[in-house]
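Data first, discussion second: the structure below is written as structure tokens.
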Amino acid sequence: MTDTTSPPVAGRNLPLATLIAGCLAVCLAQTGLAIPATLNGLFQTDLHTTGSQLTWISDATLLPVAVLELTFGVFGDLFGRKRLLIGGALLMAVGEAASATAGNVHFLWAGQALAGVGAAAIFPSSLAMIAVGTRTNSRRATAIAAWSASLAGGGFVAPLLGGITANYGSWRWALVIVALIGVVSAAVSILAHDSSAPKGRSLDLKGQLTIAIGLFALLYAVIQGPSDGWDSGAVVTGFVVAAVFLALFIVAELRSRAPLLQLDLFKNRVFALSSVVAVVGMFSFIGTCYALSMRLGPIQHQSPLRMSVAFLLTNGPTMALAPITAALLARVAARWLLSIGFLLIAAGDLLLARLPITDTALPSLIVPLVLVGMGFTLAVSSITATAVNTVPVRFAGMASATTSQLRDLGFTLGPAIIGAVALSRAASGFSHSLATSQLPEGIKAAAGQVAATGGPLAVNSVPPQSPPGAAGPLALHALGHGYSIGFVVCAGAALLSCLLAGLVLRGGRPGVNLTEPDLDTRPEPAAA
């Protein structure tokens, strides 16, 4: 891969301005993706949202990221990644500012979707700029560890920002501050060193259209299934459209001279398996975060500040473990770090699943959430370094975009699938409990009407003194059971990723490219 702004200089290290710009940008993007989960309870109170509408708030940001990352990877290769870093930050600023003024959930969706487009430009561009700016794989692993720590740092900033602003002001201020960070990130990115790799790259409209329609149809069907019914015409049609267009995407990529996704990359066994691990493993993490946000917010109605403390327990270990992770990546095979990371996530999920929904004490969450946070720290750095270092350097931009998209596809599926599983189980459990309860028939009818429009989440939120409020405890326990199953599903996904990484993902040495030697093994000049 060549640098079109200036040729590589012998002995030159990654420019500090580029590293700072890339890390700040990815921290901004991850903050924008993570912050809706910390505000779910306030969204429900202020905008009167249903369970599926809350899921769409998170996925309104995540869906553009999952759909457009590969396209922005191509744009970066063609026109320069620096432009995308600046433009993505500014687009996020506009989207978050629009969301802050939302008077209804539909306008909030639009603002978050716009911010998601900006984040989609940032993720592959920032990673590729850092990856191609290093001369050896060991240095690249260290730089990627810093990038990954910044990505996880966004998950640390989001709950802190959301908790403080919502507790002492309004949730809208949290989005305003993210918009301001976007402006700062764009300004810093002006100082970054540009790079591109236009050779053999061009826009793939067929590939982009087919994958966009396929992923949107899939998410629509999964999210709307619990409320509309899994056998409803719209949901069934969504699954059919998803299957058809995802198949058409593969056909389009096989026939394209300049594909959006180079399918030959998946002939590399390590890259293919790391891609599967990226989707399943990141699904387990973000699904855990989404289930936690629903447990603490709309179900238990805890304050934003208390919610922020819980999320800091999840993301805090990343800040402490970042330098340790960077050192381990240079000395320990990535598959072992991946296995340990996903095993820790699974252990934390199983502990969370055992907590009764009536337990609102924060100390009960310390051990499981710290385990999840430690596991994510080990996994996200290792999966990124493994995927990028396992392909020839001329494909670093495409591998960066592909890895980012697969990771964020897992992120997008997390709220959708966990929300669908939990809300479906909660709805059936509440219906059965209500029918067999000793409540008066009038109360049963009133609670049934509320549940018909908003599900057990709506029954759990009505005033206790109202007629349907008498059924609130039944809804609370049904929701608790539903989201406990969600934690178990996340644990199963993490264990599957652990097994794939430990038993199947073999080959290579720490810090060494699995397909070709280090980019430059010559000794550096003394001046360097």
Side-chain angles (χ1 to χ4, degrees), residues 25-40 42-44 47 49 51-72 84 87-102 104-126 151-152 154-155 157-159 161-162 171-172 174-179 181-182 185 212 215-216 218-220 222-223 282-283 285-287 289-290 292-294 297 311 315 404-419:
V26 78
C27 181
L28 161 70
Q30 188 62 23
T31 301
L33 264 63
I35 205 162
T38 68
L39 303 173
N40 271 333
L42 297 176
F43 290 150
Q44 187 202 26
L47 303 177
T49 55
S52 62
Q53 288 176 334
L54 286 175
T55 304
W56 276 116
I57 293 174
S58 291
D59 274 344
T61 314
L62 291 166
L63 180 59
V65 174
V67 169
L68 296 174
E69 271 188 304
L70 283 178
T71 296
F72 281 120
L84 294 186
L90 292 177
L91 202 57
M92 282 199 69
V94 173
E96 297 293 353
S99 298
T101 64
N104 57 64
V105 70
H106 302 92
F107 198 81
L108 181 59
W109 287 343
Q112 288 297 288
L114 190 61
V117 175
I122 287 174
F123 280 121
S125 304
S126 60
L151 179 142
V157 171
L161 181 61
W171 58 266
R172 300 178 188 276
L175 304 182
V176 170
I177 293 175
V178 176
I181 296 174
S185 177
L215 287 180
F216 179 80
L218 176 62
L219 289 173
Y220 173 84
V222 171
I223 293 173
M282 295 303 101
F283 157 79
F285 174 74
I286 204 66
C289 292
Y290 177 75
L292 177 68
S293 73
M294 294 298 291
F311 278 99
N315 296 284
S404 295
Q405 184 179 45
L406 292 171
R407 182 194 64 238
D408 292 314
L409 175 60
F411 283 169
T412 307
L413 291 175
I417 293 178
I418 297 304

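All values below come from the heavy atoms of this structure, side chains included, with hydrogens, waters and symmetry mates left out.
- The heavy-atom pair separating A100 from V176 by the smallest distance is CB-CG2, 3.7 Å.
- When all heavy atoms of P36 and T61 are compared, the closest pair comes out as CG-OG1, 4.4 Å.
- In this structure, F311 and P159 approach most closely via the heavy-atom pair CB-CB, 3.1 Å.
- The CG atom of L413 lies 8.0 Å from the CG atom of L215; values are rounded to the nearest 0.5 Å.
- Separating the CD1 atom in I57 from the CG atom in L62 is a distance of 12.0 Å, to the nearest 0.5 Å.
- Taking all atoms of both residues into account, the shortest heavy-atom contact from G88 to I122 is C-CD1, 3.8 Å.
- A distance of 13.0 Å separates CD1 in I417 from CD1 in I286, rounded to the nearest 0.5 Å.
- When I177, T31, V178 are each tested for a side chain to side chain contact (heavy atoms under 4.5 Å, CB included) with V157, only one passes: T31.
- Here the straight-line distance linking atom CZ of F123 with atom CG of L84 works out to 14.0 Å at 0.5 Å rounding.
- Annotation: side chain of V94 is not in contact with side chain of L90 (no heavy-atom distance under 4.5 Å).
- Distance check, rounded to the nearest 0.5 Å: CG of L47 to CG of L39 gives 10.5 Å.
- The two residues G414 and F283 make their nearest non-hydrogen contact at CA-CD1, 3.4 Å.
- Between F216 and W56, the two ring planes are tilted [angle within 30° to 60°].
- Between G182 and L28, the shortest heavy-atom contact is CA-CD2, 3.5 Å.
- Here CG of L33 is found 11.5 Å from SG of C289. Values are rounded to the nearest 0.5 Å.
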